[in-house]
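What follows is a short report on a single structure.
Chain naming here is simple, since letters A, B, ... match the order of the sequence lines and numbering starts at 1 in each. These numbers come from a predicted model, not from an experiment. Values below: all heavy atoms of this structure, side chains included; hydrogens, waters and symmetry mates excluded.
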Amino acid sequence: MIVGADCHPPLPGYHMFLKGKIVTASMLDDDAITDITERFEKRYDANIDFTVEINSSIIGGVIVTVQGDVYDGSVRGRLKSMREQITK
Amino acid sequence: MDENFSAVVPMFSREIGKELLERVKEAEPRSSVSHIGVVISAGDGIATIRGLEGCRSGELITFDSGAYGIALNIIDDMHVSAVLLTSSEAEPVTQGLTARRTQRVLEVPVGEAALGRVINPLGHPLDGKAPLRALKFRRVEMEAPGIMDRAPIDTPLQTGIMAVDGVVPIGRGQRELIIGDRQTGKTAIALDTILNQRGSNIYCVYVGIGQKNSTMAALVRTLEDAGAMEYTAVVNASASDSAPMQYIAPFTGCAIAEEFMYQGKDVLIVYDDLSKHAVAYRSMSLLLKRPPGREAYPGDIFYLHSRLLERAAKLSKEKGGGSMTALPIIETLAGDISAYIPTNVISITDGQIFLSTELFLSGIRPALNIGLSVSRVGGAAQTKAMRKVAGKLRLELAQYRELMVFSQFGSELDSATRKQLQYGERLTETLKQDQYRPLPMAHQVVILASAVRGHLDDVPLHDVERFNAGFLQFMIARHSRIIAKIQNTGQLEDEALERIDECCVEYKAQFS
C-alpha cells in the first residue's frame, strides 16, 4: 500500500514513499547517488525518489532535502558556519 | 606625530592579524541540519505552513522573502500557523514560499542604544536615524522574577503630580494602573511622570500601542523639547501596524526595560494602552481560529497581561537592586471599570489611578477620583515628609465628598460643617495642577503643608491657585534652606513645620 508523505509516522504494514532533492556543485555519478539514497532510505525507513539539481554556487559537497529536512553538507554552508564562529 | 602613528599601525594590524589567525584555526566547518516548510496559505496576517518538523510554540520563523513570523498554532505534526510580523523591508509572504525554523524566540536589541530612539516592535528604527547599534539582544518573552529575587518596595517614584504623590503614591517596582474614559488625562499623567524623571537616573520606556501616528509624533516632540528623550526609549506599534506587531510591542518595551532593571537601574515603563493591546490580541487569536470566550476575547487574555505586568518588580540586593515601575493605561467606556478587561488588569496591578470625565469637565485636573483610586503600596512609597503632610489627605477629602452631597440640598448648614466644606474645597483646589508642570517633592510638601494646616481657610477660593503659587515662590526666594533640607533629607521636622506655618502667616499678610 502506498501512503502519501502526509502520514507521519506511517501506520504499521504500510510503506512510505517520499520525494527528495539533492543539490550538488558538479555531476554526481550513479554510485554516489545510490549511496546517498540508501543512507537516507534507511534513516527515514521509506522509499525516497531523489531529483538531482546542479548548482555551482554551493562550491562543493551536497545539500540533501527530504520532507522538510535540509541537510546542508555543502562547502558554502560550512564556510558560512566558520564565518559565524570567527565573527562572534 | 606622524612617525609614531605609522609605527603603531603595523603593530595593531599584526595584533589583529594574530587574533584572526587564531580564530580561523579554531573554527570548525560544520554541516547543518535545518527544517523547512512550505507556505500553503497566507492571508490576513497569518501563514499556514506545511513541514517545519519539530517547530515549537512561539518559535521565530523566517521566510525566504525576508519576513518574520511567530509560530503560534502547532496544528499537528506537519502543520503550523504562524502570525506574520510585517516590516516595511520585507516583501509580502505568499503561497509556495519556503519557511525556515530559527530554533529561537523573537529577540530585540536592548541597552543604552535604545535611549533617545523611536523603534518598532522588532527593533527597527522609526525615527529616520541609523539602525540600533545594540551590543545585546534580549528575548521578548521572559520569566518574571521569582519570589526570592524580589525586595519590598521602599523608594518613591516621584510623578511630580501632587494628587498622585500625595494620595496614591507610586513606589519603584510597583504597577499602578491609569484608568479612565477617553480624554481624561491618562497619557498626560504618564507623560508628566516621564518628564519629572529629568536628572534622576531613572530610564523611561514609552510603548505606544494602536495610537495614531500623529499623536505619537506630537508626544515624541514634547519629550524632545523637554530634553526627556535622552533617557527615554519609545516603542511604537501604531493603529496602521498589523495586529501581531501591536501584540509584540509591549513585550519589546518590557525587554528593553528589563535589561536596565537587571543592570541594577531603576526604570519606568508606560504601556499606552493595554485596551488596544487586548483588541489586537483578540484579532490575532480569532484569525488563528482559537476559540473565542467572553466578549470574543481568547481564553488567555488575562495571562497576556499578567505575564507582561509581573515582569515589573523591585529586585533584591543580590539581584542588583534594580526596579521596573509599570504604568499600564486602560481606557474604559462610559466609566465602566467593572468591564472585562479593566477588571482583569485592576486585579493584576498594585493599585489604580482612576480618572473621571465629570471631574475633568468640571475643571478638576488631574481628574483623580480619590474614592476609587488606591495605591496598594501606599505610605512605604512616600518620603517621611510627604507622609507627614499628606497622611490625612485621603480621609479629609473623603469626608468633604460626603458633605458635598448634603450641601447640594441647600439646607441650612451649621458653622462646623461649613468650615469643613470650605476646607475641602480649598484642598481640592490645591491639588489641581497644570500639565507639563511637575513639582519636586519638597515643593509639594510645602504647598500641601500650608493647605492641610488650614492656612487657606481665609483665602478666597478663586485666589487659592495664585496664593499657592505665590507662597511657593516666596519660600523659594526667602527660605530656600527649608526647602533644600526637605528635598535632601526627605524629612520634615516639627520645627520646620512650624517655620512653614510662620512663613505662611507672613506671606498672607502681604498677599492681596
Give a yes or no on whether B:R139 atom CZ has more than 12 heavy-atom contacts from other residues, nucleotides or ligands under 6.0 Å away. no
B:E19 side, atom CD; A:I86 side, atom CD1 - distance, nearest 0.5 Å: 11.0 Å
With a 4.5 Å limit on heavy-atom distance, are the side chains of A:M82 and B:E26 in contact? no
Do any of residues 28-49 of chain B have a heavy atom less than 4.5 Å from a heavy atom of chain A, and if so, which, in residue order? B:E28, B:P29, B:R30, B:S31, B:S32, B:V33, B:S34, B:H35, B:I36
Using non-hydrogen atoms only, which part of B:L20 is less than 4.5 Å away from chain A: side chain, backbone, both, or neither? side chain
Which bit of A:S74 is near chain B, if near means a heavy-atom gap under 4.5 Å: side chain, backbone, both or neither? neither
Take atom NZ of B:K319 as the centre, draw a 6.0 Å sphere, and report whether it contains more than 12 heavy atoms from other residues, nucleotides or ligands. no
So the side chain to side chain donor-acceptor pair (under 3.5 Å) pairs with at least one residue in residues 97-107 of chain B (sequence neighbours excluded) are B:E59-B:R101, B:D64-B:R100
Inspect the surroundings of CG in B:L135 and state if more than 12 heavy atoms from other residues, nucleotides or ligands are less than 6.0 Å away. no
